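What follows is one structure encoded as structure tokens, with my remarks underneath.
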Amino acid sequence: MKVAKFGGTSLSSAEQIRKVCRIITADDRRRLVVVSAPGKRFKNDSKVTDLLICCARQFLSTGKAEPELQAVIDRYSEIANDLALSKQVIDEIIADLHGRLQKDTGYPERFLDGLKAAGEDNSARLVAAYLQGTGYDAHYIHPMEAGMIVSDEPGNAQVLPESYGKLSELRKRAGLLIFPGFFGYSEGGEIVTFSRGGSDITGSILAAAVHADLYENFTDVDSVFAVNPSLIAQPKEIKELTYREMRELSYAGFSVFHEEALLPAFRVGIPVCIKNTNNPDAPGTMIVADRQPTSQLVAGVAADKGFCSIYLSKYLMNREIGFGRKLLQIMEEEQLSFEHTPSGIDHISVVLREDQLDPDKEARVLTRIQEQLKVDELSVVHNLALVMIVGEGMRSSVGTIARATAALAKEHINIEMINQGSSEVSIMFGVQAVDADKAVIALYREFFETV
Ligand code: ASP
């Protein structure tokens with residue numbers, strides 16, 4: 001059995017949905033299908049999820065959202081008409097959307113999640129209806145009835161372990177099962193969504209639950225590329241990646257697969273294949289537990305912006321027992337999640353996502369560090385980007401950092417920080433955000449274009 005997930009661009013129009021249905025029905029192992037909400041049809045188009053968020057926000061602030069709701073209805077109507085579905089299908093979608101707007105607005109985040117989930121939910125109903133209309137035994141699967149139970153954190157749900165047992169029973173169901181991505185239900189029966197792009201997570205959970213042979217993730221590119229294609233024309237396509245490599249690349253900005261989606265598949269060792277709905281015969285990128293070493297040292301180069309680093313130095317820090325704990329305790333008490341802590345004998349930096357700090361909070365954190373840890377030096381570097389080179393091959397090779405730093409030096413890029421993560425499959429460079437693209441290009445050229 002395969003689990004196939006289709007992303008937003010694959011569901012964006014009737015034409016795309018026909019392609020999706022051809023792909024589903026071309027392989028009878030594709031029995032459990034996860035769908036996203038209709039995404040963008042062209043560059044400046046809106047995703048239905050964004051239209052729904054707009055609608056919910058407008059309703060929350062003014063008690064009305066007619067034009068916003070109409071924009072969503074129009075997207076579904078157009079698709080339903082082009083697919084020649086019965087009027088009943090679109091009437092049900094309209095009734096569903098109105099119903100969601102009638103829910104209690106007292107807990108805005110919950111209300112918002114109710115609307116956000118409508119994108120995938122109605123997409124699944126529509127695809128199931130289309131498949132039925134073309135003669136297939138297809139069924140919309142209700143996530144609550146199927147057992148997708150998640151933590152009650154609106155916009156950031158985590159699947160609860162008990163979900164897997166119940167969801168595994170989907171394996172026994174006959175026909176094509178069309179499951180809406182992106183949300184589940186709390187134990188109290190409320191809709192709760194995963195973080196944005198979370199239909200990938202649904203697919204991975206289902207693949208793990210039914211012990212699928214393969215989790216196919218259909219998107220709109222032929223494969224994962226070794227670098228962002230907007231920076232390098234025709235970059236190298238990646239044929240195979242390990243879960244570890246994909247994890248690091250997703251972390252550092254590869255958006256083709258959701259960062260949180262690897263874990264469920266990885267835990268039970270289900271291979272993931274990233275494929276293209278618009279070119280399903282292309283082999284795509286396989287994500288697997290282990291891969292044969294190749295001559296390609298680095299698998300990919302990525303960068304993500306929006307970081308800052310709090311730098312502290314104190315003479316004899318290395319001998320001061322409890323220093324690290326006290327520092328991280330301040331982070332915890334200030335509700336700051338930190339990303340990395342590169343350190344030396346007398347200094348340590350804490351790298352954070354910058355959007356967690358505002359000027360007041362930053363001042364308070366610095367004062368606390370100064371007062372409680374009595375440091376000699378304390379400063380914050382803003383606007384950092386983390387640039388990563390990722391590859392299993394680096395573990396057993398010599399001179400990778402030297403090549404990388406030389407490539408950056410040639411471009412006059414100042415490295416603010418280096419961290420060769422304990423994982424050894426990645427090396428991270430902190431650079432000023434303005435240098436990030438230049439750094440990625442320089443590293444790509446060094447490891448992919450230099451022989
Ligand atoms: N539709 C949701 C979003 O745009 C989830 C997804 O597409 O995976 O975030």
Side-chain angles (χ1 to χ4, degrees), residues 3-13 16-17 19-20 32-57 68-69 71-73 75-76 79 93 96-97 100 109-127 140-141 143 148 150 153-159 178-185 191-207 215-221 224 246 250 253-265 272-278 287:
V3 170
K5 178 258 165 180
F6 294 88
T9 53
S10 307
L11 278 310
S12 61
S13 67
Q16 289 299 87
I17 291 179
K19 283 186 201 167
V20 165
L32 185 47
V33 175
V34 176
V35 291
S36 281
K40 294 185 182 194
R41 293 158 293 183
F42 42 86
K43 197 158 176 275
N44 292 323
D45 196 14
S46 301
K47 295 169 91 175
V48 163
T49 309
D50 290 321
L51 296 176
L52 286 160
I53 292 174
C54 196
C55 177
R57 295 229 163 99
E68 290 76 11
L69 182 65
V72 177
I73 294 174
R75 285 293 302 269
Y76 283 110
I79 296 174
I93 292 179
D96 170 82
L97 291 167
R100 288 171 198 258
E109 296 305 313
R110 176 152 345 274
F111 178 81
L112 181 64
D113 263 16
L115 269 137
K116 274 156 81 182
E120 296 16 52
D121 210 18
N122 288 308
S123 216
R125 290 176 200 277
L126 213 134
V127 170
Y140 159 83
I141 302 293
M148 181 65 84
V150 299
E153 299 166 77
N156 192 32
Q158 308 291 320
V159 65
I178 316 298
F179 200 109
F182 191 38
F183 71 97
Y185 285 81
I191 289 177
V192 198
T193 67
F194 295 120
S195 53
R196 288 300 305 270
S199 298
D200 287 350
I201 308 175
T202 309
S204 186
I205 294 167
L206 293 180
Y215 171 27
E216 293 178 309
N217 195 286
F218 283 89
T219 170
D220 54 7
V221 285
V224 179
M246 189 66 212
S250 308
F254 271 36
S255 56
V256 72
F257 194 59
H258 195 295
E259 197 192 345
E260 289 172 46
L262 272 178
L263 189 65
V272 181
C273 187
I274 311 285
K275 283 178 79 79
N276 189 353
T277 297
N278 305 316
I287 307 169

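These values consider heavy atoms only, across backbone and side chains, with no hydrogens, waters or symmetry-generated copies. Bear in mind that the values here come from a model prediction, so they are computed numbers and not experimental data. Whatever order the structure lists ligands and atoms in, that order sets their numbers, starting from 1.
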For [X], state whether at least one heavy atom is located under 4.0 Å from any atom of ligand 1.
| X | result |
| --- | --- |
| G198 | yes |
| E120 | yes |
| G181 | no |

What residues, two or more places apart in sequence or in another chain, satisfy side-chain hydrogen bond (donor to acceptor under 3.5 Å, both in side chains) together with Y185?
->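 With neighbours one apart ignored, the set is empty.
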R110 and D113 ion-paired at < 4.0 Å =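 Not counted as a salt bridge, because no side-chain N and carboxylate O are separated by less than 4.0 Å.
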Decide yes or no on salt bridge (Lys or Arg N to Asp or Glu O under 4.0 Å) for R75 and D45, but give the supporting numbers first.
-> CA-CA 11 Å; R75 285 293 302 269; D45 196 14; 3.6 Å; yes
Within reach of ligand 1, part of H258 (heavy-atom separation under 4.0 Å) |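 Looking at H258 and ligand 1, no heavy atom falls under 4.0 Å.
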Atom of G7, atom of L11 and distance for their closest heavy-atom approach |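 G7 and L11 have their closest heavy atoms at O-CD2, 3.3 Å.
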Got S195 and H258 here, is their nearest side-chain heavy-atom distance under 4.5 Å?
->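 Touching, per the 4.5 Å side-chain cut-off.
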Proximal ligand 1 atoms for [X], defined as those under 4.0 Å from one of its heavy atoms:
| X | value |
| --- | --- |
| R196 | 3 (C), 4 (O), 9 (O) |
| K47 | 3 (C), 4 (O) |
| G197 | 3 (C), 5 (C), 6 (C), 8 (O), 9 (O) |

Q16 side, atom CD; I79 side, atom CD1 - distance, nearest 0.5 Å |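 Output value for this atom pair is 10.0 Å.
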Nearest-contact summary for atom 7 (O) of ligand 1 - protein heavy atom, Å =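 Nearest protein contact, heavy atoms only, for atom 7 (O) of ligand 1 is S36 OG, 3.2 Å.
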Nearest protein heavy atom with distance in Å, relative to atom 6 (C) of ligand 1 =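 Ranking protein heavy atoms by distance from atom 6 (C) of ligand 1, first comes S199 OG, 3.4 Å.
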Applying salt bridge (charged side-chain N to carboxylate O under 4.0 Å, His left out), name anything that partners E120, two or more places apart in sequence or on another chain.
->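 For E120, no residue satisfies salt bridge (charged side-chain N to carboxylate O under 4.0 Å, His left out) once neighbours in sequence are set aside.
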